[in-house]
Amino acid sequence: MAMARAEYRYRTVAAVRGPLLFLEQVFAARLGEVVTIIAPDGRRIAGEVLKIDRETVVVQVLGETFGLDTATTRVAFSDTLRQAPVGEGCLGRVFDGSFRPRDGLPMFIPERRLPISGIPLNPVARAHPEEFIETGISAIDVLNTLVKGQKLPIFTCAGLPARELTEQLLRQARLPDGGPFVLVFVALGLTHFESQHYTHTLATLAGDYVAFINLADEPVVERLQAPRLGLTVAEDLAFNRGRDVLVIIADMANYCDALREVATAREELPGRRGYPGHMYSDLAALYERAGRLRDRSGSVTMLPIVTMPEDDITHPIADLTGYITEGQIVLSRQLHQLGIFPPIDILPSLSRLMNQGIGAGQTRADHRELAGRLYRTYAKGRELRRLEAVVGRDGLLEEDRHLLDFAGEFERTFIHQGATRRGVMESLDLGARLLTELAALRPC
Amino acid sequence: VSGRIVSISGATVRIALTGPRIGDRVAVGLDQLPGEVVRLEGDHAIIQVFEESRGLGRGEPVADGGGPLLARLGPGLLGGVFDGLQRPLVELRRSDGDFLRGGGDRFPLDPERRWLFTPALPAGAPVSPGTRLGSVREGHLEHPLLARWDGTVAEIAGGEVTLQQALVRYADGRVQQLWQPWPVRQARPLRAKCRPQQPLITGQRVLDLLFPLLKGGVAVIPGGFGTGKTVLEQSIAKFADVDVVVYVGCGERGNEMAGLLDEFAALEDPRSNRPLMERTIVVANTSNMPVAARESSIFTAVTMAEYYRDLGLDVLFLADSLSRWAEALREISAALEEMPGEDGYPTYLGSRLAAFIERAGAVETLDGRSGSLSMVLAVSPPGADFAEPVTQACLRVAGAFWMLDTRLAHRRHFPAVNWSQSYSLHAGPAAAKFNELHPGWSTLRERCLELLQREEELREVAEVVGMEGLQDDDRLLMQTAEELRREFLCQNSFTAEACSPPAATLTRLAGLLSAHDHRAARLAAGTLFGDLLQEDGDGQG
């Protein structure tokens, strides 16, 4: 990192608490300033100024605090804010949560450095996202359409195949012109097992990618930084180089837990379920970096993976995410148990930006109407399942029995597709066929 | 006066500075970030900074701005897009580029623009606050200039003027321009608050018929995510029969804001045939913009709304979402280490909110005109649980409660207004007014409510005995209720039916109910229920 001014060193560590280090008698410091912590054994760990309270400075340690002491640990101040190196050289590379190469190759030569916290887009500079992205998955393309520049999380539960779905999206997603995305993949607290699957998939893809991997046994605080590194690189690729970037972050639940850990160490007042009160703003600072700009090519589309603790969609992590993102794809344990893949429950799923991305010129003129009918018919069928549980199948009207069968058929043939890629026209035809078959059963 | 930064925690900065008053605006640090004094402790002041505070350093200077946070009010606000501190975002993009880099103050209005001012008074006329001095034309509106002080007009200009020009010179030497400052946290003066009487037509069938709002009233729209709060707010912003709309995107999505701006520029106001944007002021503080400016954004916006109300206009203020404002308040309160109340919100949440909401109302302005400021406020309860403090605090002061239901939204029933749990305290007088203009309104409204109520009861029975187990006339009622929901309560915001004027609302309802009566009569005459629907199907086909 470039040094703007002489480096100040302090040996005044008063306390080490969780991932935080308390330093006294500091006369000059900036909020967010990058510091280097030199451990008694000479190990150098990066840190960041989190709070300045008169002459006491609280430093967030971006690494293991194991082995630090108060007597001999030194802290060097840099007078700069954290920046990320950017440039074409990062393509095809795998980094850790502090932007160090983890693929055995030397660091690339950066073209420039950008602040990682990002700068908010002027709302009037944003172009409204409205270009259809074909994911090859019927339940998404027809009913919860993804558009360029959208942020659409996948809400999953422990044990559901979110990774398989994500990998399928990585392989299949096509831009409107048919080309592939540049992928930015951020792994937060993933197990070796999961992350190996992901990196293998990335390596077999034709397009460009950059990966930031923080594993479950690596520093927690890096989880707060890795998405910012990934998004800074993504913004550079999109808005300075005109590329269409797809950012995958797995798993946001680990990000939120890291946030909670740091907030607790700072003795902040805990909010719902112990998560800090500023989690909404913090998550928004990440999610809102998706988008497109007027008069510029390039885009950042975001697919964060959110594992809902206890399968609870009202859990603060899922809840706050849903309030910020433009819809959500919700996976269902029930469908998974029926062997349906991808197990997308379309009722709570939603794409808020779908309307502009479909119809004549984008997909097909009848898309909106067809999607609405499929949705309503399936919703009715699902409601009848509850009724069936009470009054039995024979207690239902004949017409209702047909709707009930439709719901099952819809899940088995439309939502279920396994590993195959379906073009959006094929998906639309399939949906239309199911509705025609149902109509043929009606008495009149 | 200037001081130095002592401590920094997030957007809260402690400075060594004596003399500032609570609410004073200050410029913090080398970059002169705008801030507001929120607490005084001995020779220290605590500042809330309205910009990203990363990079601020201990010891950096702080300058006292000498007065409170102001809104600048004058012609040219309509059509504008501002941030939470009233900085013009279109202008900022032109000068600073696509990203918001923060920084100091910006004048929100175009100082170069020329306005044709027509004086209404000769020199020598005595005036008092609110007296009409003259007017300019802003779009299709006549925009009067009202006297700010008591006194006598010594000189008054006419013809083409700019905002900064001295227009009126009072005998005591004071000078009034076409614009004026006003502290955002202080309600603008008025002669009296009146009883709201005129219904505010939203163009939404379910709202106008069942849960109407009067001009000057306040409606709250709570709903979990995905229940369509934003779409409903924006539909109301498009079609409400008011003169001016002030829309605050408070801590919400940037892409939605972009969509709104596109749409409002393209759509026409059906009453004036001018672009909708010409009657609209947008205040945008998206969720990634600084939190403290989110807290101030609703005050900046409501001050502009009051300003247009004072010109004798009907103004509608919409905020999406008030919960984000309350959360910003909570964040600030936590940074100040105040004792938290319920769910971590400060204990003054309720009183602060009530004081804000009371800025709505039907009023008699200082010069005796009538104006109104209505509010429609979206609330985002965590986990769609309405027992949370923000929803509850709103309930205590709101006139109408439009509850959005996650279950309806999952059925794609939009607007997802729950008809059994929503209410309006204005229903009686509003329905009476509608009835004067559209005879039959009240009767049909009552029938509609009764039918929906009865359906609810029957549904419970049907859950046990099945539909086959119901009487024929009850099955007919269920059938009609279903049609009512599909054809009347649902309203697609993306097609031509997005706005339903009261006459169309009434016609549609009358049609559905008379079809029901017709079928009921045939049932009574002995037709079987199955045949009844069959015949209708044939008739249509």
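Given the structure is predicted, the values throughout are model-derived calculations rather than measurements.
Interface remark: Arg54(A) contributes backbone and side-chain atoms alike to the contact with chain B (heavy atom separation under 4.5 Å). Arg296(A) touches chain B through its side chain: at least one heavy atom from C-beta onward sits under 4.5 Å away, while N, CA, C and O do not. No part of Arg382(A) comes within reach of chain B, as not one of its non-hydrogen atoms sits under 4.5 angstrom from that chain.
Formation of a donor-acceptor pair under 3.5 Å by the Tyr287(A) side chain with backbone atoms of Ser287(B) is not found in this model. Side-chain atoms of Arg58(B) come within 3.5 Å of backbone N or O of Phe27(A) as a donor-acceptor pair. Panel note: side chain Arg253(B), backbone Tyr323(A); a donor-acceptor pair is recorded below 3.5 Å. Of the possible donor and acceptor atoms, none in the side chain of Asn288(B) sits under 3.5 Å from a partner among the backbone N and O of Arg289(A). Checking side-chain atoms of Asn255(B) against main-chain N and O of Gly149(A) turns up a donor-acceptor pair under 3.5 Å.
For Arg266(A), the salt bridge (charged side-chain N to carboxylate O under 4.0 Å, His left out) partners at least two apart in sequence or on another chain are Glu268(A).
Per-residue heavy-atom pair counts under 4.5 Å with chain A were compared for Arg412(B), Met257(B), Arg14(B), and the maximum is reached by Arg412(B). Highest contact tally toward chain A, considering only Thr286(B), Ile8(B), Val13(B), is held by Ile8(B) [criterion: heavy-atom pairs under 4.5 Å]. Among the candidates Gly254(B), Gly29(B), Gly228(B), the residue making the largest number of heavy-atom pairs closer than 4.5 Å to chain A is Gly254(B). Annotation: maximal heavy-atom pairing with chain A below 4.5 Å, among Gly224(B), Ala384(B), Gly55(B), occurs at Gly55(B). Of the listed residues Asp319(A), Val391(A), Thr314(A), the one with more heavy-atom pairs under 4.5 angstrom with chain B than any other is Asp319(A).
Phe225(B) contributes atom CZ, which lies 7.5 Å from atom OG1 of Thr325(A) (distance to the nearest 0.5 angstrom). How far CE of Met289(B) is from OG of Ser281(A): 12.5 Å, rounded to the nearest 0.5 Å.
Using a 4.0 Å cut-off between charged nitrogen and carboxylate oxygen, Arg272(A) and Asp385(B) do not count as a salt-bridge pair.
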